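The structure appears right after this line, and notes come after that.
Given the structure is predicted, the values throughout are model-derived calculations rather than measurements. What's counted below: heavy atoms across the whole structure, side chains too, no hydrogens, waters or symmetry copies. Quick note: residue numbers are just sequence positions, from 1.
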Amino acid sequence: MKTLVKTYAAAALIAVSTFAMAAEGPGAKATRVNVNLSTTDLALDHYVAITTEGESAGVEQLFAEDFNQKIQATNAQNHSRSEVVKSLKKQKGEKLNCVVSTDIIEELADYMVAKVTLKFENFTKTDLVTLERVGNDWKVSKSINSYK
């Protein structure tokens with residue numbers, strides 16, 4: 001009798017969990033997390049966390065719709081918002097082994113330019129980041145990278 005009760009209990013538990021997962025629907029775990037980007041400091045800190053610490057929450061929220069990235073090198077490259085977002089999502093959880101420093105170059109009421117320096121063992125990456133106020137949030141609208 002105890003075996004029969006355990007079997008029914010296990011079947012009921014499996015059925016309930018199956019229905020609960022089905023009710024969530026496909027992609028339910030991929031819900032977007034809203035990140036507080038109400039100040040330049042929060043937006044810049046989040047940009048650094050996404051690009052250097054593998055943070056994935058709020059990646060799409062951080063970048064403006066017209067965002068573009070330029071890489072200054074022997075063969076200059078341009079990347080669209082969708083390319084950069086896709087690349088950063090693939091780096092989820094990956095932390096870069098570098099020392100990060102940030103300097104505010106210019107800050108106005110609705111606009112900011114910051115210099116983010118990533119110092120690696122054998123080279124340095126400098127990222128000039130432009131942030132703009134969009135509604136109540138700050139968004140990254142441009143990034144220009146150079147390497148030494």
Side-chain angles (χ1 to χ4, degrees), residues 9-148:
L13 183 60
I14 291 170
V16 168
S17 63
T18 301
F19 291 132
M21 288 188 304
E24 289 178 1
K29 292 184 179 179
T31 57
R32 293 186 184 179
V33 175
N34 280 335
V35 177
N36 183 1
L37 302 173
S38 61
T39 68
T40 54
D41 289 341
L42 291 170
L44 185 59
D45 288 348
H46 194 59
Y47 177 78
V48 170
I50 285 173
T51 57
T52 64
E53 298 174 16
E55 177 65 48
S56 64
V59 172
E60 293 174 351
Q61 180 187 351
L62 178 65
F63 294 98
E65 292 301 318
D66 62 346
F67 171 81
N68 67 28
Q69 179 185 61
K70 294 182 181 184
I71 299 176
Q72 304 294 330
T74 52
N75 58 337
Q77 299 176 14
N78 289 312
H79 300 283
S80 68
R81 178 186 188 275
S82 60
E83 292 171 318
V84 171
V85 167
K86 183 177 179 181
S87 174
L88 291 170
K89 284 184 175 182
K90 285 183 182 177
Q91 295 177 15
K92 179 181 178 178
E94 293 183 29
K95 292 187 178 191
L96 300 181
N97 187 17
C98 62
V99 176
V100 179
S101 64
T102 57
D103 296 307
I104 307 301
I105 296 174
E106 185 172 353
E107 187 171 12
L108 302 171
D110 295 328
Y111 176 84
M112 183 178 88
V113 177
K115 178 181 176 183
V116 179
T117 306
L118 310 178
K119 195 168 201 105
F120 294 88
E121 187 174 322
N122 297 319
F123 68 95
T124 301
K125 174 187 174 188
T126 303
D127 188 358
L128 292 176
V129 182
T130 303
L131 293 101
E132 296 178 1
R133 183 186 303 273
V134 177
N136 293 326
D137 287 337
W138 284 86
K139 305 232 181 223
V140 177
S141 62
K142 184 178 240 178
S143 170
I144 301 172
N145 299 313
S146 64
Y147 296 87
K148 286 186 185 179

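- The two residues Thr51 and Leu96 come nearest to each other via the heavy atoms O-CD1, 3.4 Å.
- Ring geometry, Phe63 versus Tyr47: the interplanar angle exceeds 60°, so the pair is classed perpendicular (tilted spans 30 to 60°).
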Requested in this report: Test side chain to side chain contact (heavy atoms under 4.5 Å, CB included) on Lys142 and Asn68 and set out the steps.
Outcome: CA-CA 5 Å; Lys142 184 178 240 178; Asn68 67 28; 3.7 Å; yes
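- The two residues Glu107 and Thr40 come nearest to each other via the heavy atoms OE2-OG1, 2.8 Å.
- Remark: Asn136 CG to Thr39 OG1 distance equals 12.5 Å, nearest 0.5 Å.
- Distance NZ/Lys95 to OG1/Thr52: 9.0 Å, rounded to 0.5 Å.
- At a threshold of 4.5 Å between non-hydrogen side-chain atoms, the residues Ile71 and His79 count as touching.
- Taking CD1 from Ile144 and NZ from Lys70, the interatomic distance works out to 6.0 Å, rounded to the nearest 0.5 Å.
- What you find for Leu37 and Leu42 is that their closest heavy atoms are CD2-O, 4.3 Å.
- In terms of heavy atoms, Asn97 sits closest to Phe120 at O-CD2, 3.5 Å.
- Between the side chain of Glu83 and the main chain of Ser80, a donor-acceptor pair closer than 3.5 Å is present.
- A donor-acceptor pair under 3.5 Å is formed between the side chain of His46 and the backbone N or O of Ala57.
- Contact record, Ile104 with Ala114: CD1-CB, 4.2 Å, taken as the closest heavy-atom pair.
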Query - Steps toward side chain to side chain contact (heavy atoms under 4.5 Å, CB included) verdict (Asn145, Gln69) - result: CA-CA 8 Å; Asn145 299 313; Gln69 179 185 61; 3.1 Å; yes
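- Between the NZ atom of Lys139 and the CG atom of Leu62 there is a distance of 7.5 Å, given to the nearest 0.5 Å.
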Requested in this report: Apply the test side chain to side chain contact (heavy atoms under 4.5 Å, CB included) to residues Val116 and Leu44: give CA-CA distance (whole Å), side-chain angles for both, the deciding distance (0.1 Å), then the verdict.
Outcome: CA-CA 9 Å; Val116 179; Leu44 185 59; 4.1 Å; yes
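- Summarising the geometry of Tyr111 relative to Glu132, their closest heavy-atom pair is CD1-CG, 4.2 Å, with the distance given to 0.1 Å.
- With respect to the salt-bridge test (charged N to carboxylate O, under 4.0 angstrom), the residues Glu60 and Lys89 qualify.
- Between Ile105 atom CD1 and Thr130 atom OG1 the span is 8.5 Å, to the nearest 0.5 Å.
- Atom NZ of Lys115 sits about 6.5 Å away from atom CG of Asp103, to the nearest 0.5 Å.
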